[in-house]
Amino acid sequence: EVWSPVGVPITIESCVIADNVSWSYGGGISARYGPALRLRLLNCTVAGNEASNGGGLWSMASNVAVDNSIFWGNTASTLGAQMSTASDTTLRFSDVEGGRADIYVEPGFNLDWQLSNIVADPTFVNVLGGDYHLNAGASPSPCIDAADSRLAVGLLDVERHPRIAG
């Protein structure tokens, strides 16, 4: 659970949040109750999580930004398989299973779905074995080199390959 009592911006960066279960909100990430929470996910994979509401992410925050991230294979028994938010939410350069249809946004809040997003199987190496690396083989993942390189962290990616430029 992510909580910020004084509205300090929180960034979750370069991580894999996978295979978690919540019987209520946010199988992968639950961000709530901060009076002015500003949450940013950057270069993250949120996959294979489940909850009753917001399989990958559930948020009751003032602002959520998701950049260069993957939301795939999350499930929810009620609302928002990938995300359920009571927040203004912006997604850029991200891959979201089901696209906008798998994101529930409470009335009164906005979803800013940028044209840079894709809806394509990220082809993880071995989901059943818990390996969420992107397949770089003969049929490489559509997520490889699809991110905004200006938001990349470090000169090398997780596979220790040089990051793309531009």
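Being a predicted model, the structure only gives us computed values, none of them experimental.
- When every heavy atom of Trp72 is checked against every heavy atom of Gln82, the shortest pair comes out as N-OE1, 3.4 Å.
- Checked against Leu91 for a side chain to side chain contact (heavy atoms under 4.5 Å, CB included), the options Asp67, Val64, Ile103, Leu41 give a single hit: Ile103.
- Side-chain atoms of Asp102 do not come within 3.5 Å of backbone N or O of Gly99 as any donor-acceptor pair.
- The distance from the CG atom of Leu79 to the OG1 atom of Thr85 is 11.0 Å, given to the nearest 0.5 Å.
- In the hydrophobic cluster analysis, where Ile, Leu, Val, Met, Phe, Trp and Tyr join through side-chain heavy atoms closer than 4.5 angstrom, Ile118 is grouped apart from Leu42.
- With hydrogens and angles ignored, the 3.5 Å screen pairs a side-chain donor or acceptor of Thr78 with a backbone N or O of Ser52.
- For the atom pair CD1 (Ile10) and CG (Leu39), the distance works out to 6.5 Å, reported to the nearest 0.5 Å.
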Report the C-alpha distance between Asn20 and Asn49 in whole Å, list the side-chain angles of each, state the deciding distance to 0.1 Å, and finish with yes or no for side-chain hydrogen bond (donor to acceptor under 3.5 Å, both in side chains).
-> CA-CA 5 Å; Asn20 299 291; Asn49 301 291; 3.0 Å; yes
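- Considering SG of Cys44 and CD of Glu13, their distance stands at 7.5 Å, rounded to 0.5 Å.
- Counting only distance, with no hydrogens or angles, the side chain of Asn68 and the backbone of Asp148 share a donor-acceptor pair below 3.5 Å.
- Counting only heavy atoms from C-beta outward, the side chains of Phe71 and Met83 approach each other to under 4.5 Å.
- Scanning all heavy atoms of the two residues, the minimum distance from Ala65 to Arg92 falls at CB-NH2, 3.9 Å.
- Atoms CD1 and CD1, on Ile29 and Ile17 in that order, are 3.5 Å from each other to the nearest 0.5 Å.
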For side-chain hydrogen bond (donor to acceptor under 3.5 Å, both in side chains), just list the numbers for Ser141 and Asn135, CA-CA rounded to whole Å, side-chain angles, deciding distance to a tenth of an Å, and then say yes or no.
-> CA-CA 5 Å; Ser141 170; Asn135 183 6; over 6 Å; no
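- Between Gly27 and Ala51, the shortest heavy-atom contact is N-CB, 3.3 Å.
- Cluster membership check: Val46 shares its hydrophobic cluster with Leu111, using side-chain heavy-atom separations under 4.5 Å among Ile, Leu, Val, Met, Phe, Trp and Tyr.
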side-chain hydrogen bond (donor to acceptor under 3.5 Å, both in side chains) between Ser94 and Ser69, worked out = CA-CA 5 Å; Ser94 293; Ser69 294; 4.7 Å; no
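- Among pairs with a residue in residues 84-126, those fulfilling ring-ring contact (aromatic ring centres under 6.0 Å, His included) read Phe124-Tyr132, at least two apart in sequence or across chains.
- The shortest side-chain heavy-atom distance between Pro122 and Leu134 falls under the 4.5 Å cut-off.
- Distance CG/Asp131 to CG/Asn126: 6.0 Å, rounded to 0.5 Å.
- Taking each heavy atom of Thr123 and Pro142 in turn, the nearest pair found is OG1-CD, 4.3 Å.
- Taking every heavy atom of both residues into account, Gly55 and Ala76 meet most closely at N-CB, 3.8 Å.
- Between Cys143 and Ile70 there is a side-chain heavy-atom pair separated by less than 4.5 Å.
- In this structure, the separation between CZ on Arg40 and OG1 on Thr90 is 10.5 Å, given to the nearest 0.5 Å.
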